[in-house]
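Working notes for the structure below.
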Amino acid sequence: MHAILASLTGRALGVSALLYLGFVAALFVASKWLPGRIYDGAPLPDGTRLKYKLNGLQLYLLLAAVCAVGSALKWFSLAILVIHFWALLVVANIWAFSLTAILYIKGKRAGAKLEPGILGVVKDAFMGTEVNPSFLGVDLKMFAYRPSLMGLGVLNWAFAAAQYQALGHLTGRMWLYQIFFFIYLTNYFQFEHGMLYTWDIIAEKFGWMLVWGDYVLVPFFYCLCGWYLVDNVEPLPAYTAAALIVLFSVGFWLFRGSNDQKHRYKVDPQAKIWGKPPETVGGRLLVSGFWGIGRKLNYTGELMVYFAWTMTTGFVSFVPFILPLWLACLFPHRAWRDEQRCHAKYGALWEEYCRRARFRMIPFIY
Ligand code: NDP
């Protein structure tokens, strides 16, 4: 704790503010001006659809290329981000709270329905005042996933840079961790259009809860393993590496496969699932593919992916496991909330679906 506080010097905070805000601004400019395919959003309550330019994949690969080339040619070292980690965290928090205030004022000016009193202000700032706030034509909620996940990616690379600086090479554990994460993040941006149909984008207002989650929690907490890999020179046995690759691959197949099946079904209700026309309940709920085996296998798969990369740290500490264990608590709660919503929306069809797909996340157990 003392070391953390000692690292928060005025200079460190200044450098971190430049790095952090420069990064967010550069991503915003690139999101706005880099070319990208235009997608329709989900229908709004008035039946219209917003347009989204989605160029996240190009942007992420460009960022990876810049970081790789810049590091290889020694133009900069990403290790500076590890040195300034805590100062960056402070800056990110200040930014998240400031953005929340800006969004609140923006919503108020736009005529959003607000709760009265001081508690009302806190509630509205926390939950948000607008569903789709935008700036210069960029949807701020969709944009926030970029600094969030690209920031997470850069922080992960920074841990690799710090290890390279200290050891002169990367360990097998670090390589595996980086590869797993790179696949996961690249795939996210490849499937960025799928986010347009998620609950957060369709229905949640953009307030502190999502702002802080995107700008602080995800980049700074989800890279937790990095701290436990930098100094870990314990060799990774081949059989452990093979087991982790299997766990990651199966988890990824479940996670990506189920999300993809649902997305394809929503976009085209006739789209084949595992080579056959889709089976549905009442033409509205998919019962084919993964969705006939479990109602939330996408959560199960993602959890396996998280455990796979966490286990690259070995069992040197319990701390890196806090992340997948936290998700293991969050997902059942989220599944329960989502099912309440689906029950209210689909009524008897949802009950019929639950009879056909009896399990949520683990067949025959849960
Ligand atoms: P889902 O992708 O499971 O979406 C739930 C919605 O899908 C439901 O509200 C319903 O919406 C629709 N739906 C549910 N069952 C069916 C069915 N059988 N047929 C057709 N539609 C169905 O959940 P999330 O949006 O919570 O998660 C999206 C992804 O994000 C997941 O892969 C999850 O793992 C990941 N995630 C990751 C987190 C992290 O921190 N790493 C945190 C949260 C999520 P509708 O009204 O449209 O029918």
Side-chain angles (χ1 to χ4, degrees), residues 16 19-20 22-24 26-27 56-57 59-72 76-89 91-92 144-167 169-190 192 213-233 236 241 244-245 247-248 251-252 255 302-314 316-317 319-324 326-327:
S16 300
L19 289 172
Y20 186 86
F23 178 66
V24 174
L27 287 184
L57 184 62
L59 198 49
Y60 178 63
L61 295 178
L62 181 66
L63 179 70
V66 169
C67 289
V69 172
S71 303
F76 52 78
S77 168
L78 290 176
I80 188 177
L81 303 179
V82 178
I83 298 164
H84 287 82
F85 187 90
W86 302 105
L88 285 163
L89 179 61
V91 170
Y145 288 115
R146 294 178 178 188
S148 182
L149 293 168
M150 292 186 200
L152 170 61
V154 174
L155 281 173
N156 273 325
W157 300 332
F159 285 109
Q163 184 177 71
Y164 189 80
Q165 216 166 56
L167 304 179
H169 69 276
L170 297 187
T171 60
R173 293 176 185 280
M174 183 62 94
W175 270 116
L176 202 55
Y177 176 73
Q178 295 292 340
I179 291 168
F180 285 166
F181 238 113
F182 189 73
I183 293 173
Y184 175 80
L185 289 179
T186 305
N187 183 261
Y188 166 84
F189 286 109
Q190 221 175 346
E192 200 180 15
D214 286 338
Y215 283 96
V216 181
L217 181 75
V218 169
F220 291 91
F221 177 45
Y222 283 38
C223 68
L224 190 58
C225 291
W227 292 107
Y228 292 84
L229 286 168
V230 169
D231 306 321
N232 188 339
V233 289
L236 180 68
L244 294 184
I245 290 170
L247 180 66
F248 178 86
F252 193 78
F255 157 67
E302 187 157 9
L303 214 45
M304 290 164 73
V305 161
Y306 273 68
F307 270 106
W309 68 49
T310 302
M311 282 196 271
T312 59
T313 63
V316 283
S317 167
V319 177
F321 286 87
I322 293 174
L323 174 58
W326 176 74
L327 280 181

Original post:
Say you draw a straight line from OH of Tyr228 to OG1 of Thr312; how long is it, rounded to the nearest 0.5 Å?
Top reply: 13.0 Å
Original post:
For atom CZ of Phe23, is the number of surrounding heavy atoms from other residues, nucleotides or ligands below 6.0 Å larger than 12?
Top reply: yes
Subject >> Close aromatic pair by centroid cut-off 6.0 Å: Phe181 and Tyr188 >> reply: no
**OP:** For Asp214 and Ala144, work out which heavy atoms get closest and say how close.
**Re:** OD2-CB, 3.3 Å
Subject >> Residue pair Gln165 / Ala79: nearest heavy atoms and the distance that separates them >> reply: OE1-CB, 3.6 Å
Original post:
Can you tell me how far the NE2 atom of His84 sits from the CG atom of Leu19, to the nearest 0.5 Å?
Top reply: 7.5 Å
**OP:** Under the side-chain contact (heavy atoms from CB on, under 4.5 Å) rule, what do Val319 and Ile322 come out as? Steps first, then yes or no, please.
**Re:** CA-CA 5 Å; Val319 177; Ile322 293 174; 4.1 Å; yes
**OP:** Could you tell me whether the side chain of Ser71 reaches within less than 4.5 Å of the side chain of Leu78, counting heavy atoms only?
**Re:** yes
**OP:** Please check if the distance between the ring centroids of Tyr184 and Tyr306 is under 6.0 Å.
**Re:** yes
Original post:
Which heavy atom of Ser148 sits nearest a heavy atom of Gly213, and at what distance?
Top reply: OG-O, 4.4 Å
Original post:
Ignoring hydrogens and geometry, is there a side-chain-to-backbone donor-acceptor pair from Gln178 to Asn156 under 3.5 Å?
Top reply: yes
Subject >> Side chain to side chain, Met304 and Phe252, heavy atoms closer than 4.5 Å >> reply: no
Original post:
Rounded to the nearest 0.5 Å, how far does CG of Leu152 lie from CG of Leu217?
Top reply: 10.5 Å
Subject >> Phe189 side chain reached by Leu61 side chain, heavy atoms, under 4.5 Å >> reply: no
Original post:
Rounded to the nearest 0.5 Å, how far apart are CZ of Phe159 and CG of Leu170?
Top reply: 14.0 Å
Original post:
Under 4.5 Å between any side-chain heavy atoms of Met311 and Leu247, yes or no?
Top reply: yes
Subject >> Heavy-atom closest contact (Thr310 atom, Cys225 atom, distance) >> reply: CA-SG, 3.6 Å
**OP:** Kindly compute the distance separating CG (Leu323) from CZ (Phe221), expressed to the nearest 0.5 Å.
**Re:** 5.0 Å
Subject >> Check: Val305 and Phe180 side chains under 4.5 Å, non-hydrogen atoms >> reply: no
Subject >> Distance-minimising heavy-atom pair for Val82 and Ala162 >> reply: CG2-CB, 4.1 Å
**OP:** Side-chain contact test, heavy atoms from C-beta onward, threshold under 4.5 Å: evaluate it for Leu63 versus Trp157 and give yes or no.
**Re:** yes
Original post:
Any side-chain heavy-atom pair from Leu229 and Thr171 closer than 4.5 angstrom?
Top reply: no
Subject >> Shortest non-hydrogen contact from Val230 toward Gln163 >> reply: O-NE2, 3.1 Å
Subject >> ring pair (Phe, Tyr, Trp, His ring centres under 6.0 Å) partner of Trp227, chosen from Phe85, Phe220, Tyr177 >> reply: Phe85
Original post:
Got Leu88 and Leu81 here, is their nearest side-chain heavy-atom distance under 4.5 Å?
Top reply: yes
Original post:
Where do Phe255 and Phe248 land on the ring-ring contact (aromatic ring centres under 6.0 Å, His included) test, with the steps shown first?
Top reply: CA-CA 10 Å; Phe255 157 67; Phe248 178 86; 9.4 Å; no
Subject >> Distance in Å, Phe307 CZ paired with Leu327 CG, rounded so as to fall on 0.5 Å steps >> reply: 8.5 Å
